[in-house]
Amino acid sequence: MTTLFLPFSYFSLLSAFKSFVMRVEAFIPCFIDQFYPETAAAFIKVLQRAGCSVNYNPGQTCCGQPAFNSGYWKEARTIASKFMADFSSAEMIVSPSASCMGFVKNYYPKLFEDHMQLEAAKIAGERAIEFSDFMVNHLKVEHVGAVFEHKVTFHDSCAGLREYGIEAEPRKLLQNVGGLELIEMDERTTCCGFGGTFAAKFHAISTAMTEQKVENALKTGAEFIVSTEASCLMNIESYIRKQKLPIKTIHLADILASGWE
C-alpha cells in the first residue's frame with residue numbers, strides 16, 4: 001500500500017498529487033444510501049479533494065452486518081459473498097462508517113470460518129478502511145481547506161471506538177477545520193442507545209441512553225453533534241427532533257466538505 005507524506009496545508013496538495021492518483025473503491029453504507037445521500041456525496045467530494053480517484057460500484061448493497069447481528073448467519077454469508085465479489089478487484093475499500101468496515105475486518109473471517117471463501121474474507125477485511133482512518137493514517141492528510149464556523153461536540157460510536165479502533169483520527173480532522181470549535185462532552189465514550197436492533201428490542205432503555213447522550217452534548221453549548229456513524233446520528237437526531245432541542249447532528253464528511261466549492 002502506497003503512503004503519501006503530505007503537509008497539512010491544502011494549498012500544497014494539488015501539486016503534490018499532480019503526478020500521482022490513489023485509486024479507491026467507495027462503499028456507501030445502507031443508512032447513508034437511504035437516508036443521507038448528501039453525506040455520500042460529501043465523502044466522495046473530500047476524497048477527490050485529497051487527490052483520490054474514487055470508483056463507486058452502483059451494484060453494491062449491504063455488508064451483511066444487520067443479518068449477522070440478528071443471528072441470521074446463512075443470510076449474512078450470502079450478502080457478504082456479494083460484497084466480496086463487488087470489491088474483489090479493490091486495493092482499498094473506503095467507507096464513511098466504522099461500523100461497516102469494522103464488521104468486515106473483524107467478523108468476515110469468523111463468518112467464513114471453515115469455508116472455501118475464508119481467504120477472500122480475510123483479504124476483504126485487510127482492505128476495508130474507515131474514512132477518517134484513511135485520511136489521517138493512509139493519505140497523511142488532516143487539512144482539506146474546510147471551513148465550518150460552529151461549536152461542535154464529538155460522539156464516539158461504539159463500533160468506531162471499540163471495534164474499529166478510531167478515536168484520535170476524526171478529532172485531528174476536526175481540529176484542522178477553519179472556524180470550528182471542538183468541545184468534548186462528559187461521558188463521551190458512552191453508547192448513544194442505537195446499537196442496531198437494540199433500539200427496537202429495548203426501546204425504553206435505548207431512549208434513556210439517547211437522552212443522556214443529548215443532555216451531555218447540550219451542556220457543552222455545542223451547536224452540532226458530529227460523528228463518523230450515520231446510524232448513531234439518525235438515532236440521536238430522532239430524539240432531538242421529537243424533543244425540539246436546540247442542537248443538530250452532522251456527519252464528519254459533511255463538515256470536511258464545507259466551506260469550499
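The shortest distance between side-chain heavy atoms of Thr189 and Arg162 falls below 4.5 Å. The side-chain heavy atoms of Thr153 and Val226, taken from C-beta on, include no pair separated by under 4.5 Å. The closest side-chain heavy-atom distance from Leu180 to Leu182 is below 4.5 Å. Residues Gln117 and Ser81 form a side-chain contact, since some pair of their non-hydrogen atoms from C-beta on lies under 4.5 Å apart. Using a 4.5 Å heavy-atom threshold, the side chains of Cys52 and Leu139 count as touching. Between Glu169 and Asn137 the shortest side-chain heavy-atom distance falls below 4.5 Å. Taking the side chain as every heavy atom from C-beta outward, Val136 and Val141 never approach each other to under 4.5 Å. Taking 4.5 Å as the limit, every side-chain heavy atom of Phe87 sits out of range of all side-chain heavy atoms of Arg127.
Taking the centre and axis of the six-membered ring of Trp73, the NZ or CZ atom of Lys110 falls outside the cone set by 45° and 6.0 Å.
No more than 12 heavy atoms of other residues, nucleotides or ligands sit less than 6.0 Å from atom OH of Tyr107.
Residues satisfying the salt bridge (charged side-chain N to carboxylate O under 4.0 Å, His left out) test with Asp86, not counting sequence neighbours, are Lys82. Glu181 meets the side-chain contact (heavy atoms from CB on, under 4.5 Å) test with Lys151, Ile183; sequence neighbours excluded. The ring pair (Phe, Tyr, Trp, His ring centres under 6.0 Å) search around Tyr164 returns none, not counting sequence neighbours. Judged as a side-chain hydrogen bond (donor to acceptor under 3.5 Å, both in side chains), and not counting sequence neighbours, Glu113 has no contacts. Residues passing the side-chain contact (heavy atoms from CB on, under 4.5 Å) test with Ser70, sequence neighbours excluded: Tyr72, Thr197. Evaluation of the salt bridge (charged side-chain N to carboxylate O under 4.0 Å, His left out) rule for Arg241 yields Glu237 as partners, not counting sequence neighbours. Applying the ring pair (Phe, Tyr, Trp, His ring centres under 6.0 Å) criterion to His150, with sequence neighbours excluded, gives Phe148, Phe224. Under the side-chain hydrogen bond (donor to acceptor under 3.5 Å, both in side chains) criterion, Arg171 pairs with Asp156, Glu184, sequence neighbours left out. Residues forming a side-chain contact (heavy atoms from CB on, under 4.5 Å) with Ser89 (at least two apart in sequence, or on another chain): none. Applying the side-chain hydrogen bond (donor to acceptor under 3.5 Å, both in side chains) test to Asn55 and every residue at least two apart in sequence or in another chain returns Glu25.
Residues Met84 and Ile123 are members of separate hydrophobic clusters, defined by side-chain heavy-atom contacts under 4.5 angstrom among Ile, Leu, Val, Met, Phe, Trp and Tyr. One hydrophobic cluster, built from ILVMFWY side chains closer than 4.5 Å, cannot hold both Met135 and Val147; they sit in different ones. Under the 4.5 Å side-chain heavy-atom criterion for ILVMFWY residues, no single connected hydrophobic cluster contains both Ile32 and Ile79. Cluster annotation: Leu256 and Phe134 are assigned to the same hydrophobic cluster (Ile/Leu/Val/Met/Phe/Trp/Tyr, side-chain heavy-atom contacts under 4.5 Å, transitive).
Judged by distance alone, the side chains of Ser132 and Glu130 do bring a donor and an acceptor atom under 3.5 Å apart.
Between the CD atom of Glu91 and the CD atom of Glu126 there is a distance of 13.0 Å, given to the nearest 0.5 Å. For the atom pair NZ (Lys244) and NZ (Lys242), the distance works out to 12.0 Å, reported to the nearest 0.5 Å. Interatomic distance, Ile129 CD1 to Ile166 CD1, rounded to the nearest 0.5 Å: 12.5 Å. With rounding to the nearest 0.5 Å, the separation of NZ in Lys172 from CD in Gln175 is 9.0 Å. From His155, atom NE2 reaches atom CZ of Arg188 across 11.5 Å, with rounding to the nearest 0.5 Å. How far CG of Leu173 is from CZ of Phe154: 9.5 Å, rounded to the nearest 0.5 Å.
Clustering of Ile, Leu, Val, Met, Phe, Trp and Tyr by side-chain heavy atoms under 4.5 Å joins Leu245 with Val214, Leu218, Ile225, Ile236, Tyr239, Ile240, Ile247.
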Listed pairs under 3.5 Å, donor-acceptor, residues 93-106 side chains, sequence neighbours left out:
residue, atom, partner, partner atom, Å
Ser95, OG, Phe27, O, 2.9
Ser97, OG, Ser99, N, 3.4
Ser97, OG, Cys100, N, 3.1
Ser97, OG, Glu229, OE2, 2.6
Ser99, OG, Gln65, OE1, 3.2
Ser99, OG, Gln65, NE2, 2.9
Lys105, NZ, Gly125, O, 3.1
Lys105, NZ, Ala128, O, 3.0
Asn106, ND2, Gly102, O, 3.1
Asn106, ND2, Glu163, O, 3.0

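In this structure, the ring of Tyr36 has its center no less than 6.0 angstrom from the ring center of Phe31.
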